[in-house]
Amino acid sequence: MREFRGVDFYRMDELLSEEERMVRDTVRSFVSEKVVPTIDRHFEEATFPMDLVPEMADLGLFRTTLPEEYGCAGMNNVAYGLVMQELERGDSALRSFASVQGALVMYPIYTFGTEEQKRFWLPKLASGEKIGCFGLTEPDHGSDPGSMITRAIRKKDCWVLSGAKSWITNGSIADVAVVWAKVDEEMRGFLVEAGTKGFAAPEIKHKMSLRASVTSQLIFEDCVIPAENLLPKTGGLKSPLMCLNQARYGIAWGALGAAMACYHTAVEYAKARKQFNRPIGGFQLVQEKLVHMLSEITKGQLLALQLGRLKDAGKLHHTQTSLAKRNNVAIALETARLARDILGANGISLEFPVIRHMCNLESVKTYEGTHDIHTLILGEEITGLSAFT
Ligand code: TGC
Ligand code: FAD
């Protein structure tokens, strides 16, 4: 198959700076050389490619937009988005890993933590020496995290956590968990280190999506953590939602990477596969599907780029992020399904990346706010009327 060169129908490259293109191309090469050749095996065996973490760290993929004084890269949001796009071209599991590390663990420590917490954790997380996870969702509280039942009670010089989290990316391999719990009625964030007595993180097995990602439960049974493990600037549901804005931003870009991989595979396949003595790419119905994919990817790219420019300018509202997450994941899933169709029976084989991306995108549609939750967030933005209350 022809080498992957991205999708650039509208000459989007010309809207990127040299540095942004360089970051994108570096990650693209890494994904082509190191991820693409092995990821189907990890998907099949349901293992996360841990051996890639040091190399991802060396490439600076966890050093994110946070300031250099904490060991981070201070990169702009468009460059960060392009990193997410390229990683997800490899597999949603790699983008998930990086999203959680940067947007859901480093961001809350940076935003809500003490200077001591920042100086201790951020350089270690940025260098990949430590891995983090983010525990918001509970078995009975997914779209409505405000109703969570996990509790933290203050004792003399410690906090005692009780409750459970579910569907937590990286849970079983994390050194530190950012855990959201209620103190009386107010939601607060805590740092819980792996190995703390009363804390367990069993892996969730039998997933048919994001198989190359570790997903876990977090269980807290009278789990005692030091008083200083509270993230002191957290207060209310708004705090975790601020973290979700960062991760949703990365997903809006990442989903395009998965869509591009499927589109590229479908085009190559349609040109090579012959039926009725001619390439199937010459049939009008197949062409219509390819045109639809290209149109939607191109529109998604324009959305993501302007989203990034707004974020870099400090003008981004979280409902704009909702629109991009909702749209780009939906078009990526649609692209994956169309590509699967074009590949016929080969479309269900892991010999091609399409079915893997298609299965992964079912999770991406659900996590970080389901498609319908983002519809309702936008519905409220338009009408001023909340569908939630
Ligand atoms: P609501 O009353 O609307 O809001 C509570 C307070 O928060 C403010 N707010 C936001 N602030 C910042 N960013 C946002 N996106 C915000 N959305 C709302 C709001 O103004 C209010 O502030 P204040 O000052 O008045 O207190 O809250 P609600 O209970 O009605 O629920 C709102 C809703 C449904 C939108 C929210 O709960 C939601 O987004 N639900 C979806 C849950 C979700 O996305 N979970 C994701 C879990 S993490 C994950 O999936 C990681 S996957 C990672 C990977 O592997 O890549
Ligand atoms: P529910 O909230 O039960 O929703 C079920 C259905 O009901 C959905 O279609 C939803 O749209 C619909 N629905 C719910 N409320 C409404 C409404 N008001 N109006 C209309 N329809 C509604 N969470 C974390 O905290 N950290 C993680 O790292 C993390 N990683 C994940 C990794 C994977 C692979 C997956 C699959 C999930 C992960 N999650 C994580 C959890 C994820 O955020 C939740 O699954 C998601 O928020 C949806 O919650 P739920 O699964 O409980 O579905």
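Here the structure is a predicted model, which is why all the values come from computation and not from measurement. Both counts, for ligands and for their atoms, begin at 1 and track the order of listing.
Regarding atom 52 (O) of ligand 2, its nearest protein heavy-atom neighbour is Gly142 CA, 3.2 Å. Ranking the protein heavy atoms by distance from atom 30 (O) of ligand 1 puts Phe388 CB, 4.1 Å first. Among all protein heavy atoms, the one lying closest to atom 33 (C) of ligand 2 is Tyr367 CD2, 3.5 Å. Closest protein heavy atom to atom 34 (C) of ligand 2: Leu210 CD1, 3.6 Å. Here the heavy atom of the protein found nearest to atom 26 (N) of ligand 2 is Phe134 O, 2.9 Å. Protein heavy atom at the shortest distance from atom 54 (C) of ligand 1 is Ser96 OG, 3.5 Å. Nearest non-hydrogen protein atom to atom 2 (O) of ligand 2 is Ser143 OG, 2.6 Å. Scanning the protein heavy atoms around atom 41 (C) of ligand 1, the nearest turns out to be Ser143 O, 3.6 Å. In terms of protein heavy-atom proximity, atom 1 (P) of ligand 1 is closest to Leu237 CD2, 4.7 Å. Scanning all protein heavy atoms for the shortest distance to atom 18 (C) of ligand 1 gives Leu241 CD1, 3.4 Å. At the top of the distance list for atom 47 (C) of ligand 1, counting protein heavy atoms only, stands Thr137 OG1, 3.6 Å. Nearest to atom 31 (C) of ligand 2 among the protein's heavy atoms is Trp167 O, 2.9 Å. Of the protein's heavy atoms, Glu368 OE2, 3.7 Å lies nearest to atom 49 (C) of ligand 1. Distance from atom 37 (O) of ligand 1 to its nearest protein heavy atom, with residue and atom name: Pro145 CD, 3.4 Å. The protein heavy-atom contact nearest to atom 16 (C) of ligand 2 is Ile373 CD1, 4.0 Å. For atom 46 (C) of ligand 2, the closest non-hydrogen atom of the protein is Thr366 O, 3.5 Å.
Near Ile377, meaning under 4.0 Å from one of its heavy atoms, ligand 1 places the atoms 35 (C). Near Leu136, meaning under 4.0 Å from one of its heavy atoms, ligand 2 places the atoms 25 (O). Taking a cut-off of under 4.0 Å to the non-hydrogen atoms of Val100, the atoms of ligand 1 that pass are 53 (C), 54 (C), 55 (O). Proximity to Arg95 (heavy-atom distance under 4.0 Å) selects the following atoms of ligand 1: 56 (O). Those atoms of ligand 1 that come under 4.0 Å of a heavy atom in Gly142, given as number and element, are 42 (C). The distance from ligand 1 to the heavy atoms of Thr169 drops below 4.0 Å at these ligand atoms: 54 (C), 55 (O).
Geometrically, ligand 2 and His141 share no nitrogen or oxygen pair separated by less than 3.5 Å. Between Ser99 and ligand 1, not a single N/O pair is under 3.5 Å apart. At under 3.5 Å, not a single nitrogen or oxygen of Ser166, backbone or side chain, sits near a nitrogen or oxygen of ligand 2. When only interatomic distances are considered, the shortest N/O to N/O separation between Thr370 and ligand 2 falls below 3.5 Å. Considering backbone and side-chain atoms alike, Asn245 places an N or O below 3.5 Å from some N or O of ligand 1. For the pair Thr137 and ligand 2, the shortest N or O to N or O distance falls below 3.5 Å. Below 3.5 Å of separation, one finds no N or O of Val100 facing any N or O of ligand 2.
Of the listed residues (Cys243, Ser363, Ser92, Cys133), the one carrying the non-hydrogen atom nearest atom 36 (C) of ligand 2 is Ser363. Residue Leu244 holds the heavy atom nearest to atom 48 (S) of ligand 1 of all those in Thr215, Thr389, Leu244, Ile251. Of all the listed residues (Val214, Leu376, Ile168), Leu376 holds the heavy atom that lies closest to atom 19 (N) of ligand 2. Nearest to atom 7 (O) of ligand 1 by heavy-atom distance, out of Lys238, His317, Arg248, is Lys238.
Within a 4.0 Å radius of atom 9 (O) of ligand 2, the protein has no heavy atom. For atom 29 (C) of ligand 2, the nearest protein heavy atom lies closer than 4.0 Å. Proximity of atom 22 (C) of ligand 2 to the protein is not indicated, since no non-hydrogen protein atom lies closer than 4.0 angstrom.
With rounding to the nearest 0.5 angstrom, the CD atom of Gln320 is 10.5 Å from the CG atom of Leu303.
Between Arg41 and Glu351, none of the side-chain N atoms (NZ, or NE/NH1/NH2) sits under 4.0 Å from a carboxylate O, so this pair counts as no salt bridge. Between Lys197 and Asp222 there is no salt bridge, since no side-chain nitrogen of the basic residue lies less than 4.0 Å from a carboxylate oxygen of the acidic one.
For residues 119-134, the set of pairs meeting the salt bridge (Lys or Arg N to Asp or Glu O under 4.0 Å) definition, not counting sequence neighbours, comprises Glu69-Arg119, Glu115-Arg119.
The shortest heavy-atom distance from Lys207 to ligand 2 is not under 4.0 Å.
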Please test Tyr367 against Trp167 for ring pair (Phe, Tyr, Trp, His ring centres under 6.0 Å), starting from the C-alpha separation and ending with a verdict.
CA-CA 9 Å; Tyr367 67 34; Trp167 297 107; over 10 Å; no

N/O donor to acceptor pairs below 3.5 angstrom from side-chain atoms of residues 244-257, sequence neighbours left out:
residue, atom, partner, partner atom, Å
Gln246, OE1, Lys311, NZ, 2.7
Gln246, NE2, Met242, O, 3.3
Arg248, NE, Glu368, O, 2.8
Tyr249, OH, Asn77, O, 2.6
Tyr249, OH, Trp253, NE1, 3.0

